[in-house]
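Chain A is the first sequence line, chain B the second, and so forth, proteins listed ahead of strands; every chain is numbered from 1.
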Amino acid sequence: MFRKNTTAFPTHLLYYKHIQRIQVRTKKTHWALLKKKIHPKDKALEHFDDFYGSVYGKRWKSIRLALLCPHKYIAVVNNFSNSEQISQNLEWLGAMNMRKVVEAYTPRTDQESPNKNKIQNLDKQLEKLLLTGENKNTDEKENNKYVEKASLHESLLEAECDESRLIDPEAKSNISGLYQFIPTSELHGKSDWIPESQHYQYYEENPDFPINILKEKQPLKIPPQLQVYTFDRGDISPFPSPKTKSNNVSDYYLMDGGSILPVLALDLKLGDKVLDMCSAPGGKALATLQTLLPELLVCNDIQESRINKLRSVMSEYIHDYKSWGSRLVFSQINARNFYEPDTYNKILVDVPCTNDRHNLNINENNMFKSTRTKERLKLPEVQADILCNALKNIVVGGTVIYSTCSLSPIQNDGVVKMALKKIWEETNHQIVVKDLTNQFEPFKSLYSFGNGLKYGQLVIPFLPLNYGPLYLCKLVRVK
Amino acid sequence: MLPMRILRTCYTCRLKTLSCRSMTIVTSKTNVIPEDIQKLSKELNLNNEELAKVFNNHQNKLRYSKKQWLKFFDYLSQYDFKKSQILEMIDSNPDLLRVNNSNLHKCMSVWTNLRFDDQKLKQLIVNQPCCLLLDDKDLLSRIPKLLAYVGNKRNWLLELISYSPNVLFDSWTHLEAKLDYVMLNMEFGPTQFVTTNVMSSKLFDIKCRHSFLVKLGMFKPRDPKAEKSNQITGNPSLKRIMETNDKQFAVKVAGVTTEEFVVYKKIFEKQFDENEDDSDQEEFNLD
């Protein structure tokens with residue numbers, strides 16, 4: 001029937017020039033309605049203006065500008081293709097190798113070090129002269145040396161209880177009052193609603209449990225096989241979309257510049273067993289494989305669709321990845337319930353977060369949809385659970401990298417603190433937070449880092465270096 | 001050793017002698033005025049030196065016949081322009097002498113028939129003599145269009161022309177796009193844009209600076225439901241946005257670094273070009 005109709009239709013009318021467009025104005029497409037409509041990304045912007053405006057102060061408008069502009073990419077060269085040729089092509093485009101930037105920085109520090117040592121020695125001598133042994137600042141000592149701090153259970157065993165204050169459950173006279181009906185004294189209406197930023201005020205800066213923070217002394221080492229290219233500060237040239245060569249794999253993987261830092265912070269060594277707890281879409285997992293160092297990589301995610309996305313990325317970049325067998329494993333488990341203790345020595349926890357850049361620019365899959373408010377408010381809790389689970393699974397001496405792509409201090413330092421508190425309360429694990437400030441010093445010409453963070457490092461979007469946002473924190477299990 | 005006061009007086013005296021010497025050189029140079037200029041100044045009843053100065057400024061551009069000079073001066077004198085004002089107009093736009101007398105007459109009659117305030121119109125023509133270079137038909141079609149944008153207020157229109165005379169010459173589509181953008185997107189009324197040279201800047205610059213401020217969160221649209229008494233938006237004025245150079249705009253108006261604005265300009269240029277290409281493509285498809 002359909003075929004008959006088309007044949008009866010005059011052919012010249014099918015030609016697009018002769019088809020008249022009639023614009024139908026329905027209620028939904030009326031300009032006044034469209035102008036009034038508040039999209040999820042508008043809500044996100046409103047929320048960030050309120051929240052981040054108070055957190056970052058004057059710096060927020062600069063961050064806001066960078067977030068609303070297209071971000072810069074980095075290209076991770078595919079070692080399973082013709083990597084030398086690809087690297088050369090990228091250099092011809094004007095891109096620079098990140099390794100060269102780091103290497104250019106390190107000799108300078110070597111030259112400076114003798115002078116620095118001299119100054120430090122002089123300082124120490126001065127300190128000795130001025131201060132007695134008792135008055136020395138104990139904080140510095142804490143920063144440089146690991147001091148074992150007891151877990152909650154251990155400290156409770158040692159604690160003395162004031163037994164006179166314990167209530168005997170059998171003494172009914174005290175408890176009966178709790179079950180009596182008490183009429184409401186206050187009603188909260190719309191006028192009592194508070195802005196969302198105040199919802200997070202439970203985040204306290206001073207922890208009431210011991211946290212070990214140690215400075216990472218080792219210089220940053222980019223794995224020898226990992227080739228990462230980017231454009232210079234202020235250069236907005238785009239990378240052309242990767243091409244597929246003769247062996248059916250793509251040349252390079254394009255991802256946000258910040259996303260490579262968690263992989264570098266993992267400090268991968270030959271034979272490492274790596275778990276990526278929230279792996280999709282697979283950029284960080286692929287970069288981990290490009291180092292050619294891990295013995296095992298387990299890519300885990302919660303949804304099948306996300307696992308499929310992960311598989312498609314792997315198939316695009318690795319020829320016949322299925323033949324890798326048990327070296328590259330995909331698993332579909334909720335990261336909060338993942339239980340394989342003492343198996344992995346490197347765990348990457350790139351948790352689901354408010355994904356600030358995405359939510360400010362795209363309405364689809366947006367966290368700020370009114371239907372996802374609960375999910376959004378529960379995020380810090382979920383993130384803390386996932387990180388806590390990772391810390392439980394890691395082997396002694398292993399490293400966990402926690403990362404988010406959010407600027408929220410609650411989802412960043414706040415979650416690290418919550419997870420460390422949980423670990424302190426529930427287990428006897430001794431976790432040390434590694435301060436990566438010195439290690440990331442060579443990257444200061446490539447990234448704009450945030451100041452005043454307690455535990456981790458934050459890449460802040462800045463228009464000439466428009467990467468991130470990305471927060472990462474390195475945690476090492478010591479015992 | 002000389003006391004400080006005496007030293008200062010000696011120093012100023014030396015400066016005076018130096019300046020006097022240079023003055024004498026200048027005057028001696030200007031004293032040599034060619035005969036033809038002297039004759040012309042006599043006939044036009046103008047100061048010799050002033051006319052020579054104008055000739056000096058434009059060199060060969062003013063080599064018109066005596067007849068043309070006289071005709072032009074006679075014609076404009078009818079409209080109560082002083083001779084010094086006419087000379088000033090020629091100095092700022094020497095092409096005026098080239099205009100055909102009938103065309104000049106047509107143009108002046110259109111200007112006078114448009115019911116502008118006489119004094120203000122005269123002042124405008126003296127300040128922007130290019131107004132006399134227009135074709136009468138173009139002028140007749142352009143003025144009503146512009147009047148519609150300034151709330152039919154003639155004085156505002158004169159002010160707009162005095163700040164950016166290109167509103168009379170530019171293509172209407174470009175100008176309309178700028179006017180619409182300033183009025184509808186930036187929400188500035190005629191009181192703001194007639195007193196700035198925003199119309200002489202490019203649409204790209206206007207859009208770029210506006211969108212930069214919007215993305216910084218420093219430029220917010222007016223709330224249509226707000227009470228009229230509370231309509232202070234806190235947005236920077238159009239004068240501050242458009243009449244500053246890139247560095248001043250970035251640092252003083254937007255409060256960010258110049259580097260950020262330079263990079264943003266590059267990004268915006270790319271987007272702007274892409275949008276223009278798209279619109280061209282659409283127009284092509286519709287044809």
Side-chain angles (χ1 to χ4, degrees), chain A residues 15-23 31-36 38 41-42 44-73 94 231-238 357 360-361 445 448 460-467, chain B residues 180 183-187 207-226 233-236 240-241 246-247 249-275 277 279 281-287:
Chain A
Y15 192 53
Y16 74 96
K17 277 191 179 177
H18 298 274
I19 295 171
Q20 245 190 338
R21 284 185 195 175
I22 304 165
Q23 285 192 340
W31 66 269
L33 266 180
L34 290 176
K35 205 177 176 185
K36 260 189 221 169
I38 299 168
K41 59 180 185 182
D42 303 324
L45 190 60
E46 199 182 320
H47 168 75
F48 292 152
D49 275 339
D50 170 39
F51 185 28
Y52 295 157
S54 61
V55 176
Y56 294 97
K58 280 182 183 174
R59 208 176 172 183
W60 165 238
K61 61 180 179 184
S62 180
I63 300 171
R64 190 184 197 268
L65 169 75
L67 284 173
L68 291 169
C69 289
H71 65 147
K72 273 177 92 171
Y73 284 97
F231 286 102
D232 201 4
R233 183 186 176 113
D235 190 346
I236 55 156
S237 333
R357 195 183 281 274
L360 271 181
N361 293 301
S445 59
S448 160
I460 286 185
F462 173 62
L463 201 57
L465 303 166
N466 202 355
Y467 304 113
Chain B
D180 283 344
M183 288 189 84
L184 304 175
N185 293 52
M186 294 175 90
E187 296 176 349
K207 278 188 174 180
C208 178
R209 290 191 173 197
H210 175 235
S211 63
F212 186 69
L213 290 174
V214 168
K215 285 187 175 167
L216 282 171
M218 290 182 70
F219 199 101
K220 282 169 188 156
R222 212 178 281 269
D223 181 9
K225 285 183 182 172
T233 52
N235 295 340
R240 289 190 74 208
I241 298 172
D246 282 359
K247 196 179 174 184
F249 171 72
V251 178
K252 289 188 178 165
V253 182
V256 291
T257 56
T258 318
E259 189 191 13
E260 276 170 285
F261 184 58
V262 170
V263 174
Y264 182 76
K265 234 179 163 177
K266 279 188 212 166
I267 295 170
F268 190 77
E269 199 176 348
K270 220 175 179 183
Q271 288 172 347
F272 193 76
D273 290 345
E274 277 170 15
N275 286 343
D277 287 349
S279 59
Q281 194 65 34
E282 271 176 24
E283 275 172 23
F284 175 75
N285 286 341
L286 284 171
D287 291 343

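- Neither the backbone nor the side chain of A/R59 has a heavy atom closer than 4.5 Å to any heavy atom of chain B.
- The aromatic ring centres of A/H71 and A/Y467 sit 6.0 Å or more apart.
- Counting heavy-atom pairs closer than 4.5 Å to chain A, the top-ranked of the candidates B/K270, B/E260, B/K266 is B/E260.
- At most 12 heavy atoms of other shown residues, nucleotides or ligands fall within 6.0 angstrom of atom NZ in B/K252.
- Only the backbone of B/V214 comes within contact range of chain A, judged by heavy atoms closer than 4.5 Å.
- Applying the salt bridge (charged side-chain N to carboxylate O under 4.0 Å, His left out) test to A/R64 and every residue at least two apart in sequence or in another chain returns A/D49.
- Here B/E187 pairs with nothing under the salt bridge (charged side-chain N to carboxylate O under 4.0 Å, His left out) rule; sequence neighbours left out.
- At a 4.5 Å heavy-atom cutoff, the contact between B/F212 and chain A is made by backbone and side-chain atoms alike.
- Across B/V262, B/I267, B/T257, the residue that shares the most heavy-atom pairs under 4.5 angstrom with chain A is B/I267.
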*Determine, stepwise, if the pair A/R357 / A/N466 fulfils side chain to side chain donor-acceptor pair (under 3.5 Å).*
CA-CA 11 Å; A/R357 195 183 281 274; A/N466 202 355; 2.7 Å; yes

